[in-house]
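Working notes, structure below.
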Amino acid sequence: MHMSTSEIRAAFLEYFRTEGHQVVSSSSLVPHNDPTLLFTNAGMNQFKDVFLGSDVRSYSRAATAQRCVRAGGKHNDLDNVGYTARHHTFFEMLGNFSFGDYFKRDAIIYAWTFLTKVLQLPKEKLLVTVYATDDEAYDIWAKIIGVSTDRIVRIGDNKGAPYASDNFWQMGDTGPCGPCTEIFYDHGDKIWGGPPGSAEEDGDRFIEIWNVVFMQFNRQADGTLEPLPRPSVDTGMGLERISAIMQGVHSNYEIDIFQTLIRRAAEVVGIADLENKSLRVIADHIRSCAFLVADGVMPSNEGRGYVLRRIIRRAVRHGRKLGAKDVFFYQLVGTLAELMGDACPELKSQQPVIERVLKLEEEQFVRTLDRGLALLDEALEGLGDMRQIPGEVVFKLYDTYGFPADLTADVVRDRGFTIDEAGFAVEMDKQRERAKGASSFAVDYNKRLKIDQESEFVGYECLSSEQTIT
Ligand code: ATP
Ligand code: MG
Ligand code: MG
Ligand code: MG
């Protein structure tokens with residue numbers, strides 16, 4: 001059965017509506033009342049206080065299609081874009097929620113019924129994982145659903161490794177969390193990759209489509225787990241991933257929305273090869289950038305605005321790489337508004353603002369981009385056998401040419417180079433000292449944005465724990 005992205009979104013909400021769920025609108029990408037969060041990264045964010053018991057709603061079951069951005073903070077997929085078939089900076093998460101209503105058994109039955117009855121996916125293409133010690137979930141899959149035990153994998157909480165499965169879900173360093181069960185789809189043996197839990201799992205053969213979290217705890221700042229007042233359920237299914245399956249393609253970038261955006265991007269930068277990786281990056285980035293501006297974020301030198309600026313500049317760089325001569329990025333906004341304006345009316349009403357902001361940002365950056373790239377080329381030539389760009393070069397590019405450090409890393413990644421992040425941080429420190437020395441009233445606009453995992457709360461300016469970004 002072939003279904004468009006819009007049809008799947010509608011079918012999901014309708015199914016859960018008939019199962020007694022209140023259909024709730026997506027919340028903004030800017031979590032205004034949650035300073036622990038950079039951007040909305042999951043459907044459960046807007047219900048955080050309901051899970052914690054401090055907010056009560058008139059319903060105990062809800063369903064949403066939530067817009068999400070994962071480009072910083074606990075869940076950061078920016079560096080995956082262009083490299084995996086399944087990651088975006090912006091995506092829509094379909095979710096059903098129970099606030100102290102149903103728990104493990106019904107949550108699993110709903111997910112399975114939606115996939116195998118409503119969408120009619122073949123059972124033999126699906127695989128499930130459960131939290132290592134969750135015998136209850138294991139038994140529900142094995143005995144009630146009837147999944148054969150060779151298709152049920154137990155996974156623990158692997159800390160650190162970016163791809164390694166982790167079956168303990170948490171939205172951030174603090175807040176609601178719990179063990180989960182995930183449903184994977186097998187895209188077939190022509191694609192590299194192994195099942196979850198195997199050494200080859202970071203391939204794209206087995207793709208996680210749905211994560212069902214049994215919300216049971218509230219993680220405290222000191223790391224301890226406090227039980228929630230009522231065990232609840234939070235689920236999330238990536239709309240683009242399930243669309244790929246329903247449209248008979250492997251990569252998210254081959255689905256309807258992305259094909260249209262990629263064709264438009266090829267047209268505005270003037271290339272014919274639709275397979276080019278940079279087109280995928282641009283098609284991804286226009287969505288996060290347009291939706292972020294629609295939700296009120298403006299490019300700036302710190303916090304959320306700096307994340308937006310970084311994404312815009314990366315997209316601009318990829319466009320120039322493809323040969324774009326004119327300011328191009330904003331020209332994709334109209335196409336996006338046509339594609340997604342129904343699901344998100346803000347996109348249409350804000351279209352002129354989004355275009356203006358993106359155009360201005362690109363115009364500013366292209367003034368220094370080519371000279372910065374030339375400097376980088378020169379630096380690469382001078383490196384000899386070294387495969388790391390020195391911190392001073394990364395800093396010069398940042399300071400003089402407006403290259404965010406992750407953009408420099410992105411430019412050199414395909415050529416087999418990395419950047420010296422620690423060396424870059426040292427240069428940033430020196431600059432801060434200089435700024436302080438210059439005037440005791442100086443405002444430090446280039447303040448380093450750094451997350452400190454140990455500290456209780458560092459504010460929405462925090463980015464990823466692995467990266468120090470300025
Ligand atoms: P992965 O392991 O593939 O990175 P995840 O476990 O980090 O996914 P969850 O936090 O469980 O993802 O989010 C719930 C669902 O949202 C996932 O099962 C997936 O379908 C979808 N999803 C997560 N991250 C992305 C992304 N960056 N782009 C598109 N879809 C995503
Ligand atoms: Mg992930
Ligand atoms: Mg996962
Ligand atoms: Mg998951």
Side-chain angles (χ1 to χ4, degrees), residues 5 8-9 12 26 29 37 39-45 64-97 107 111 114-115 126-131 153 155-172 175-185 187 193 195-198 201-215 233-246 251-255 257-258 280-281 283-285 287-288 291 311 464:
T5 303
I8 297 169
R9 189 193 296 111
F12 179 89
S26 172
L29 284 171
L37 199 58
F39 295 122
T40 298
N41 64 16
M44 58 74 63
N45 294 165
T64 60
Q66 175 67 51
R67 45 185 190 272
C68 297
V69 164
R70 293 191 173 185
K74 182 118 205 123
H75 297 270
N76 184 359
D77 289 325
L78 183 56
D79 291 328
N80 288 329
V81 172
Y83 293 90
T84 73
R86 69 186 198 277
H87 288 109
H88 305 298
T89 52
F90 171 93
F91 64 100
E92 282 181 89
M93 194 186 282
L94 303 172
N96 57 290
F97 308 92
F114 182 73
L115 292 177
L126 302 171
L127 207 88
V128 302
T129 68
V130 296
Y131 187 58
V153 187
I155 305 262
D157 38 9
N158 303 329
K159 299 254 155 44
Y163 285 111
S165 297
D166 176 345
N167 266 358
F168 194 90
W169 198 90
Q170 40 197 67
M171 67 169 266
C177 57
C180 57
T181 178
E182 297 185 324
I183 303 172
F184 284 71
Y185 185 83
H187 279 268
S198 73
E201 73 157 278
D202 62 343
D204 273 326
R205 173 175 168 183
F206 293 88
I207 290 191
E208 176 190 328
I209 48 176
W210 204 339
N211 199 349
V212 176
V213 186
F214 308 121
M215 283 295 183
V233 170
D234 149 40
T235 88
M237 170 159 63
L239 176 60
E240 299 76 7
R241 294 187 190 184
I242 190 67
S243 296
I245 295 166
M246 297 310 290
S251 162
N252 286 6
Y253 291 93
E254 295 170 69
I255 69 172
I257 290 184
F258 274 101
R280 296 206 294 265
V281 176
D284 171 87
H285 289 6
R287 297 210 312 164
S288 48
F291 278 100
I311 306 174
S464 134

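Read the numbers this way: they start at 1 and go in the same order the structure lists the ligands and their atoms. When a residue number appears, it is its place in the shown sequence, counting from 1. Note that the structure is a prediction, hence the values are computed from the model and not measured.
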Legend entry - Under-4.0 Å heavy-atom contact with ligand 1, by part of Trp169 that carries it: side chain

Inset, instruction - Go through ligand 1 atom by atom and flag the ones less than 4.0 Å from a non-hydrogen atom of Met93. - result: 13 (O), 14 (C), 16 (O)

Legend entry - Metal proximity, Glu182 vs the Mg ion (ligand 3), N/O/S cut-off 2.8 Å: no

Legend entry - Nearest heavy atoms of Phe39 and Asn45, plus distance in Å: O-OD1, 4.3 Å

Legend entry - Arg86-ligand 1 polar pair, N/O distance under 3.5 Å: yes

Inset, instruction - Specify side chain, backbone, both or neither for Ile209, according to which of its non-hydrogen atoms lie closer than 4.0 Å to ligand 1. - result: backbone

Inset, instruction - Please state whether the separation between the Mg ion (ligand 4) and some N/O/S atom of Asn211 is under 2.8 Å? - result: yes

Legend entry - Contact check: Gly238 vs ligand 1, nitrogen or oxygen atoms, below 3.5 angstrom: yes

Inset, instruction - Examine the proximity of ligand 1 to Glu182 and report which part, side chain or backbone, both or neither, has a heavy atom under 4.0 Å away. - result: side chain

Inset, instruction - Determine, considering heavy atoms only, which of Phe184, Phe90, Phe91 sits nearest to atom 26 (C) of ligand 1. - result: Phe91

Inset, instruction - Could you check whether the rings of His75 and Trp169 sit parallel, tilted or perpendicular, using 30° and 60° as the cut-offs? - result: parallel

Inset, instruction - Give the minimum heavy-atom separation between Ile155 and Pro196, together with the two atoms involved. - result: CD1-C, 3.9 Å

Inset, instruction - Would you please classify the geometry between the His88 ring and the Tyr253 ring as parallel, tilted or perpendicular, with 30° and 60° separating the classes? - result: perpendicular

Inset, instruction - Please name the atom of Glu208, restricted to N, O or S, that is closest to the Mg ion (ligand 3). - result: OE1

Legend entry - Short side-chain donor-acceptor distance under 3.5 Å, His87 and Thr84: yes

Legend entry - Residue part near ligand 1, for Arg70, under 4.0 Å between non-hydrogen atoms: side chain

Inset, instruction - Identify the heavy atoms of Arg67 and Thr40 that sit nearest to each other, and give their distance. - result: O-CG2, 3.7 Å

Inset, instruction - With heavy atoms only and a cut-off of under 4.0 Å, state how Glu208 meets ligand 1: side chain, backbone, both or neither. - result: both

Inset, instruction - Please state whether the rings of Phe90 and Phe291 are parallel, tilted or perpendicular, taking 30° and 60° as the class boundaries. - result: parallel

Inset, instruction - With salt bridge (charged side-chain N to carboxylate O under 4.0 Å, His left out) as the test, would you mind laying out the steps for Glu240 and Arg287 before giving the verdict? - result: CA-CA 13 Å; Glu240 299 76 7; Arg287 297 210 312 164; 2.9 Å; yes

